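Reviewing the structure listed below.
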Amino acid sequence: PMAALLLFSVSPPLAASRPHIPRSVPRMCSTEDPLRLSLRREQLLSALAVPPDDEHGGSASSLCALYHERIAPLEPAIYMPQFDGRVEALRELSRQLDELEEAVRGPMLAGSRLTYSDGIFYPSFCLFWHTMPVYFGWEPWTDEAIFYKRPRLHAWWELMQFEDAAVDVADFIRLDVESLCIAWGEPVPTSRIRTLPKHAM
(Lines give C-alpha, C1' and ligand atoms only; values in the text may rest on other atoms or scores of the structure.)
Protein backbone atom coordinates (compact mmCIF):
# COMPACT_ATOMS: atom_id res chain seq x y z
CA PRO A 1 0.00 0.00 0.00
CA MET A 2 1.03 3.58 -0.67
CA ALA A 3 1.32 4.57 3.00
CA ALA A 4 3.74 1.73 3.62
CA LEU A 5 5.88 2.77 0.66
CA LEU A 6 6.02 6.34 1.89
CA LEU A 7 7.23 5.25 5.30
CA PHE A 8 10.43 3.95 3.74
CA SER A 9 11.02 6.77 1.25
CA VAL A 10 14.48 8.28 1.46
CA SER A 11 13.44 11.81 0.57
CA PRO A 12 10.38 13.74 -0.67
CA PRO A 13 9.93 14.34 -4.41
CA LEU A 14 11.75 17.35 -5.81
CA ALA A 15 8.62 18.89 -7.27
CA ALA A 16 7.10 21.34 -4.81
CA SER A 17 3.33 21.06 -4.48
CA ARG A 18 2.94 23.90 -1.97
CA PRO A 19 4.78 27.16 -1.29
CA HIS A 20 7.68 27.37 1.13
CA ILE A 21 7.36 29.51 4.21
CA PRO A 22 9.61 32.57 3.71
CA ARG A 23 12.94 32.28 5.50
CA SER A 24 12.75 35.89 6.62
CA VAL A 25 10.39 35.87 9.60
CA PRO A 26 9.93 38.26 12.52
CA ARG A 27 11.55 37.40 15.83
CA MET A 28 8.51 36.91 18.07
CA CYS A 29 9.09 35.18 21.37
CA SER A 30 7.71 35.17 24.90
CA THR A 31 8.35 33.39 28.15
CA GLU A 32 5.03 31.58 27.68
CA ASP A 33 5.95 30.45 24.16
CA PRO A 34 9.77 30.50 23.96
CA LEU A 35 9.80 28.18 20.96
CA ARG A 36 7.28 30.35 19.07
CA LEU A 37 5.03 27.38 18.34
CA SER A 38 2.03 29.67 17.91
CA LEU A 39 3.86 31.60 15.22
CA ARG A 40 4.94 28.41 13.45
CA ARG A 41 1.38 27.10 13.59
CA GLU A 42 0.03 30.29 12.03
CA GLN A 43 2.68 30.18 9.30
CA LEU A 44 1.93 26.56 8.47
CA LEU A 45 -1.84 27.03 8.38
CA SER A 46 -1.40 30.04 6.12
CA ALA A 47 0.91 28.16 3.74
CA LEU A 48 -1.29 25.07 3.61
CA ALA A 49 -4.31 27.31 2.88
CA VAL A 50 -6.70 24.90 4.59
CA PRO A 51 -9.81 26.61 6.01
CA PRO A 52 -11.04 25.71 9.50
CA ASP A 53 -14.39 24.49 8.12
CA ASP A 54 -13.68 22.11 5.23
CA GLU A 55 -15.47 18.93 4.21
CA HIS A 56 -13.86 17.02 7.08
CA GLY A 57 -15.03 19.68 9.51
CA GLY A 58 -16.51 17.28 12.05
CA SER A 59 -13.45 15.10 12.43
CA ALA A 60 -11.04 18.01 12.14
CA SER A 61 -12.92 20.00 14.76
CA SER A 62 -12.94 17.15 17.27
CA LEU A 63 -9.23 16.60 16.75
CA CYS A 64 -8.51 20.30 17.25
CA ALA A 65 -10.57 20.20 20.44
CA LEU A 66 -8.51 17.23 21.64
CA TYR A 67 -5.36 19.23 21.02
CA HIS A 68 -6.45 22.42 22.76
CA GLU A 69 -8.07 20.71 25.74
CA ARG A 70 -5.78 17.77 26.43
CA ILE A 71 -2.42 18.09 24.70
CA ALA A 72 -1.60 21.80 24.49
CA PRO A 73 -1.76 22.26 28.30
CA LEU A 74 0.91 19.56 28.69
CA GLU A 75 3.39 20.86 26.11
CA PRO A 76 5.06 23.45 28.39
CA ALA A 77 6.23 20.58 30.59
CA ILE A 78 8.70 19.78 27.81
CA TYR A 79 10.48 23.15 27.73
CA MET A 80 9.70 24.58 31.19
CA PRO A 81 11.78 22.87 33.92
CA GLN A 82 9.72 24.63 36.60
CA PHE A 83 6.45 23.15 35.30
CA ASP A 84 4.46 21.85 38.27
CA GLY A 85 4.24 18.05 38.16
CA ARG A 86 6.49 17.91 35.13
CA VAL A 87 7.15 14.15 35.09
CA GLU A 88 3.50 13.23 35.48
CA ALA A 89 2.57 15.74 32.77
CA LEU A 90 4.95 14.06 30.34
CA ARG A 91 3.49 10.68 31.20
CA GLU A 92 0.03 12.06 30.61
CA LEU A 93 1.22 13.46 27.28
CA SER A 94 2.09 9.93 26.21
CA ARG A 95 -1.37 8.73 27.24
CA GLN A 96 -2.99 11.51 25.25
CA LEU A 97 -0.94 10.61 22.18
CA ASP A 98 -2.47 7.15 22.41
CA GLU A 99 -5.92 8.78 22.54
CA LEU A 100 -5.01 10.80 19.48
CA GLU A 101 -3.82 7.66 17.68
CA GLU A 102 -7.26 6.13 18.26
CA ALA A 103 -9.00 9.24 16.92
CA VAL A 104 -6.93 9.59 13.73
CA ARG A 105 -8.81 8.50 10.60
CA GLY A 106 -5.89 8.26 8.18
CA PRO A 107 -3.98 8.73 6.06
CA MET A 108 -4.07 12.36 7.23
CA LEU A 109 -5.40 13.15 10.68
CA ALA A 110 -9.03 13.71 9.69
CA GLY A 111 -9.22 11.67 6.51
CA SER A 112 -7.89 11.53 2.99
CA ARG A 113 -6.97 15.21 2.63
CA LEU A 114 -5.16 17.91 4.57
CA THR A 115 -7.33 19.72 7.08
CA TYR A 116 -6.96 22.40 9.71
CA SER A 117 -6.13 19.73 12.28
CA ASP A 118 -2.96 18.74 10.40
CA GLY A 119 -1.67 22.29 10.66
CA ILE A 120 -2.60 22.49 14.33
CA PHE A 121 -0.83 19.29 15.38
CA TYR A 122 2.24 19.29 13.16
CA PRO A 123 4.32 21.94 15.01
CA SER A 124 3.70 20.07 18.26
CA PHE A 125 4.98 16.85 16.75
CA CYS A 126 8.05 18.72 15.54
CA LEU A 127 8.59 19.73 19.17
CA PHE A 128 8.17 16.12 20.31
CA TRP A 129 10.49 14.84 17.57
CA HIS A 130 13.31 17.23 18.47
CA THR A 131 13.07 16.90 22.24
CA MET A 132 11.57 13.66 23.54
CA PRO A 133 14.13 11.20 22.07
CA VAL A 134 17.14 13.36 22.99
CA TYR A 135 16.19 14.65 26.43
CA PHE A 136 13.50 12.34 27.79
CA GLY A 137 14.49 8.88 26.61
CA TRP A 138 11.82 8.31 23.96
CA GLU A 139 14.46 6.82 21.69
CA PRO A 140 13.72 5.50 18.19
CA TRP A 141 13.51 1.74 17.69
CA THR A 142 12.54 1.18 21.33
CA ASP A 143 9.19 0.72 23.02
CA GLU A 144 9.57 4.29 24.31
CA ALA A 145 9.67 5.79 20.80
CA ILE A 146 7.19 8.49 19.87
CA PHE A 147 5.61 6.36 17.17
CA TYR A 148 5.88 2.97 18.86
CA LYS A 149 2.46 1.30 18.46
CA ARG A 150 1.11 4.50 16.93
CA PRO A 151 1.05 3.53 13.23
CA ARG A 152 -1.54 6.05 12.09
CA LEU A 153 0.40 8.94 13.56
CA HIS A 154 3.63 7.55 12.14
CA ALA A 155 2.17 7.33 8.62
CA TRP A 156 0.75 10.85 8.93
CA TRP A 157 4.12 12.23 10.13
CA GLU A 158 5.89 10.72 7.13
CA LEU A 159 3.29 12.05 4.71
CA MET A 160 3.67 15.56 6.12
CA GLN A 161 7.34 15.48 5.11
CA PHE A 162 6.12 15.82 1.51
CA GLU A 163 4.68 19.27 2.27
CA ASP A 164 7.32 21.94 1.71
CA ALA A 165 5.74 24.28 4.25
CA ALA A 166 5.82 21.54 6.89
CA VAL A 167 9.50 20.87 6.24
CA ASP A 168 10.24 24.58 6.68
CA VAL A 169 8.36 24.69 9.97
CA ALA A 170 10.22 21.62 11.20
CA ASP A 171 13.54 23.34 10.44
CA PHE A 172 12.54 26.48 12.31
CA ILE A 173 11.43 24.52 15.36
CA ARG A 174 14.61 22.43 15.34
CA LEU A 175 16.71 25.60 15.40
CA ASP A 176 14.60 27.15 18.15
CA VAL A 177 14.91 24.00 20.27
CA GLU A 178 18.68 23.93 19.77
CA SER A 179 18.96 27.58 20.87
CA LEU A 180 16.93 27.11 24.05
CA CYS A 181 19.26 26.96 27.05
CA ILE A 182 17.43 25.13 29.83
CA ALA A 183 17.85 22.12 32.09
CA TRP A 184 15.92 19.68 29.97
CA GLY A 185 15.56 16.97 32.59
CA GLU A 186 15.88 13.22 32.91
CA PRO A 187 14.34 10.35 30.93
CA VAL A 188 10.63 9.84 31.50
CA PRO A 189 9.71 6.31 30.39
CA THR A 190 6.05 5.74 29.60
CA SER A 191 5.83 2.35 27.89
CA ARG A 192 4.59 0.57 31.02
CA ILE A 193 1.79 3.01 31.76
CA ARG A 194 0.38 3.22 28.24
CA THR A 195 -2.90 1.69 27.10
CA LEU A 196 -1.96 0.66 23.58
CA PRO A 197 -4.47 1.39 20.80
CA LYS A 198 -6.39 -1.74 19.84
CA HIS A 199 -5.48 -1.53 16.17
CA ALA A 200 -1.77 -1.41 17.12
CA MET A 201 -1.76 -4.50 19.33
Side-chain angles (χ1 to χ4, degrees), residues 1-13 16-18 21 37 40-52 54-72 74-75 78 93-133 138-174 190 194-201:
M2 181 61 68
L5 289 175
L6 291 174
L7 283 174
F8 295 98
S9 297
V10 175
S11 61
S17 59
R18 295 186 183 274
I21 292 173
L37 294 178
R40 303 311 179 199
R41 194 167 282 112
E42 292 173 6
Q43 291 174 329
L44 180 58
L45 287 168
S46 176
L48 294 178
V50 179
D54 57 9
E55 73 243 40
H56 299 292
S59 298
S61 295
S62 63
L63 287 167
C64 290
L66 188 156
Y67 170 75
H68 289 296
E69 296 170 10
R70 298 161 68 180
I71 293 180
L74 301 171
E75 287 179 0
I78 297 174
L93 174 62
S94 182
R95 297 187 190 100
Q96 292 304 323
L97 292 181
D98 287 330
E99 293 293 327
L100 175 61
E101 169 69 23
E102 291 274 15
V104 169
R105 294 181 60 180
M108 309 311 288
L109 292 184
S112 60
R113 300 178 63 181
L114 282 167
T115 67
Y116 199 74
S117 60
D118 299 298
I120 290 293
F121 272 101
Y122 184 77
S124 294
F125 272 81
C126 293
L127 170 65
F128 306 155
W129 183 259
H130 292 301
T131 58
M132 303 311 291
W138 295 18
E139 298 180 4
W141 309 110
T142 73
D143 57 4
E144 300 294 342
I146 296 171
F147 295 115
Y148 177 72
K149 298 294 184 177
R150 295 178 182 127
R152 294 173 184 170
L153 287 171
H154 191 182
W156 164 77
W157 171 258
E158 294 293 337
L159 286 169
M160 287 297 290
Q161 309 313 306
F162 287 79
E163 297 293 335
D164 294 329
V167 173
D168 287 344
V169 161
D171 285 343
F172 283 131
I173 293 175
R174 175 182 59 82
T190 65
R194 290 177 56 191
T195 300
L196 299 179
K198 295 178 180 178
H199 61 268
M201 298 292 283

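Numbering of residues begins at 1 and proceeds along the displayed sequence. On a predicted model such as this, the values are computed, not experimentally measured, just so you know.
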Decide yes or no for [X] and [Y]: does some side-chain heavy atom of the first lie under 4.5 Å from some side-chain heavy atom of the second?
| X | Y | answer |
| --- | --- | --- |
| Glu144 | Pro133 | no |
| Arg95 | Thr195 | no |
| Tyr148 | Arg194 | yes |
| Phe128 | Ile71 | yes |
| Asp143 | Lys149 | no |
| Cys126 | Met160 | no |

Contact summary for [X] and [Y], nearest pair of heavy atoms:
| X | Y | value |
| --- | --- | --- |
| Val104 | Arg152 | O-NH1, 3.2 Å |
| Leu63 | Phe121 | O-CE1, 3.3 Å |
| Leu37 | Pro123 | CD2-O, 4.0 Å |
| Tyr122 | Ala166 | CE2-O, 3.2 Å |
| Ser112 | Pro107 | CA-CD, 3.8 Å |
| Tyr116 | Cys64 | CD2-SG, 3.9 Å |

Short question: side chain of [X], backbone of [Y] - any donor-acceptor pair under 3.5 Å?
| X | Y | answer |
| --- | --- | --- |
| Ser46 | Gln43 | no |
| Glu102 | Lys198 | yes |
| Asp118 | Thr115 | yes |

Notebook entry, point to check: Just by distance, with hydrogens left out, do Tyr67 and Glu75 show a side-chain donor and acceptor under 3.5 Å apart?
Noted result: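 Indeed, the side chains of Tyr67 and Glu75 share at least one donor-acceptor pair under 3.5 Å.
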Notebook entry, point to check: Distance only, no hydrogens: is a donor on one side chain within 3.5 Å (strictly under) of an acceptor on the other, for Ser124 and Arg41?
Noted result: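 Short answer, yes.
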Checklist line | Result of checking Asp98, Leu109, Ile146 against Leu153 for side chain to side chain contact (heavy atoms under 4.5 Å, CB included) | finding: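 By the side chain to side chain contact (heavy atoms under 4.5 Å, CB included) criterion, Leu153 pairs with just one of Asp98, Leu109, Ile146: Leu109.
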Next item on the list: Name the orientation class of the two ring planes belonging to Phe125 and Trp156 (parallel below 30°, tilted from 30 to 60°, perpendicular beyond 60°).
Entry: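 Rings of Phe125 and Trp156: perpendicular, as their planes differ by over 60°.
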Notebook entry, point to check: Which class fits the ring pair Trp157 and Trp129: parallel under 30°, tilted 30 to 60°, perpendicular over 60°?
Noted result: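 It falls in the tilted class, 30° to 60°.
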How long is the span from the [atom1] atom in [X] to the [atom2] atom in [Y], to the nearest 0.5 Å?
| X | Y | atom1 | atom2 | answer |
| --- | --- | --- | --- | --- |
| Arg40 | Asp168 | CZ | CG | 10.0 Å |
| Leu66 | Gln96 | CG | CD | 6.5 Å |
| Arg150 | Leu97 | CZ | CG | 4.5 Å |

Note to self: Using the rule given for side chain to side chain contact (heavy atoms under 4.5 Å, CB included), can you reason through Leu45 versus Ile120, listing the C-alpha separation, both sets of side-chain angles and the distance that settles it, and then say yes or no?
What the structure shows: CA-CA 8 Å; Leu45 287 168; Ile120 290 293; 4.0 Å; yes
Note to self: Could you go through Met132 and Ser94, starting from their C-alpha distance and side-chain angles, then the distance that decides it, and tell me whether this counts as side chain to side chain contact (heavy atoms under 4.5 Å, CB included)?
What the structure shows: CA-CA 11 Å; Met132 303 311 291; Ser94 182; over 6 Å; no
